[in-house]
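Keep in mind that this is a model prediction, so the values were computed, not measured.
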Amino acid sequence: MNNLSIKVPYVTRVEGHGNIVVDLRDGKLVKSVLEIVEPPRYFEAMMKGYLYTDAAVISSRICGICSVGHQMTSVKATEAALKIPVTDQTVLLRKLLVYGATMQSHILHIFFLAAPDFLDAPSIIPLAKTHPDVIKMALRMKRLSNDICDLIGGRTIHPNRVVPGGFTKLPSIEDIKWIKDKLENQMMPDLNSSFELFKTLAPKIPNFERETEYIGLRTDEEYGFYNGDISSTDAGLIPVTKYREVTNEFVVPHSTAKHTKHKRSSYAVGALARLNNNYDKLNPEAKKIADALGMKPIVKNPFLNTVAQLIETVHVTEESLKLIDQILTTGIKPEEPIVPEKLTEGTGVGCTEVPRGILFHEYTFDNRGQMVKANCIIPTNQNTQNIDDDMKELVPWMIAQGYSKEKMTLTLEMLVRAYDPCISCSVHFLDVEFIE
Amino acid sequence: MKRVSIIGVGNYNSGDDSIGLLAIEALQEKIATNRDSHTLKKEEEISIRLYIANQDPFLVGSIIAGGEKAIIVDAADMNAPIGTIKSFSLEEAIPKLSHKSTSTHGFDLGEILNLVKSMGYSANVRILGIQIDKNNLQGPKNSFQNELKEKVISKILEEVEQIA
């Protein structure tokens, strides 16, 4: 095949709008990119002038899917900037909320967005007839993960109890016991069934590999989600305060989302990147599943990000049960959010792993606690250049495999979906100056 | 005992789009203050479970796919006088849903209802549309005043008796 033109306007089953464009002329790949075509969102500019207590409320609106991730990263940036301490109980409950949100998002992607690709369906709707038990199971798991966010955070989407310094309302011990019961007796069996299902789907996953740099949080204590250092498979550990040395944002003509690069032309973040950096920290059941599915680092097949999400869902379920046992031992102490005694100027970086990868928020406040400057670097931003680089190698690989144009188009869509991109989150410009 | 779930969907911050949620709150209040209100038929109790789903179509889907009979209460634009209430089957409602709002990763209420329809749950679901003031879709103010509140509660309870 010497000439090929593929244009997929608005890739489906992803959040937001992106186009796949491939142009092969006389055997030469002229263009192979994911165009991000959504308008910029200007959230960093929007937060300017608002009080430190408003930052998480506003920034969590960047996304309805990763609202917990933005909220958590935001309060951590605010606390770092204004030196607001948090209690051990707050950290414990925040982690439980982060794990609930991770389940919530991963289940959505695995079953509702990616699964149709592996089950030869154009969307999830036909699967309701062919695989009703899988759909029921997926809805059941989604509902439980939503309920966890609701019980800990106060809402399923955009939870409202998480504030700088703590929680405005704490869950009851009965709520925690209910979550434990559901995780043990419903989620774990459902995840085991999901694992059995995925074993049968493995042949549907393209056997494509490409070397790249994988970046995610890592800490000695646990699989990096809530805290740690930036970990790179190329460069080792880097403190989160030096995140700009890693992200190195740049602009490309075909995308309203900025791209990033570190040691190579691009790097990957997300479930596969976390797994490649944290495999040794997986909980026992998750590790068993990872090994059975052949997911030992460094896994270089981007299509396996969805499999990594399943492994992580098992891991966070096990981790949540550990946290719950801790809570049930110590009980829940009544605590008010910690308020700074005196406001002083300050800059701080917040970093957490959200479902799609590592997320950074950096804020500067003045001595009245008003936002002076904000910077948010979103996982999908960090993945877009890596997707472009994957596509540059995937197209010749598919031609060599003798794929039809139709199969190539579907495989390119599957590649983009495998990253679980959140395109609306990714479109933001940093250096906006308003002339007043 | 027969069981029916009543699910409000909408957005508290979007004026009249909050009406489905406010209907559930009003019903909750009525049930809480009148111990007998959940006993809808003398000969047989019907247990009512109330849900505020906000903009989460997956909650709606998981309730119905759990085999529960359900009534979904939502704000609607049916080109009718404000406050008009109409009851729809899934088959009637799905083509009328705009597929333009309430999107989480491309999933809106219409798609989730389509999914549960494909799973064969149509007979378990009714949808109550309440005609709203379509010029009032911003801020907390809404048209859910006392007269409409009573009318909506009465219509929901009527539907509960039929579907149970």
Next item on the list: Tell me, out of R143(A), M141(A), H109(A), who's got the most heavy-atom pairs with chain B below 4.5 Å.
Entry: R143(A)
Item checked: K142(A) versus chain B, the contacting section by heavy-atom distance below 4.5 Å -> side chain
Item checked: Ion pair E147(B)/K151(B), N-O distance below 4.0 Å -> no
Note to self: To the closest 0.5 Å, what do you measure between CZ (R3(B)) and CD (E68(B))?
What the structure shows: 4.5 Å
Next item on the list: Return the option, out of A65(B), S118(B), G61(B), G66(B), with the maximum number of heavy-atom pairs under 4.5 Å with chain A.
Entry: S118(B)
Next item on the list: Indicate yes or no: at least one non-hydrogen side-chain atom of R140(A) is less than 4.5 angstrom from one of D190(A).
Entry: yes
Note to self: Please rank K129(A), R155(A), K136(A) by heavy-atom pairs under 4.5 Å with chain B and give me the top one.
What the structure shows: K136(A)
Margin query: Check this for me: does any side-chain nitrogen of one of E91(B) and K117(B) sit under 4.0 Å from a carboxylate oxygen of the other?
Written below: no
Check: In terms of heavy-atom pairs under 4.5 Å, which option from A138(A), A128(A), P126(A) contacts chain B the most?
Finding: A128(A)
Note to self: Within a 6.0 Å radius of atom OH on Y12(B), are there more than 12 heavy atoms belonging to other residues, nucleotides or ligands?
What the structure shows: yes
Notebook entry, point to check: Looking at I63(B), V116(B), I52(B), which one has more heavy-atom pairs under 4.5 Å with chain A than the rest?
Noted result: I63(B)
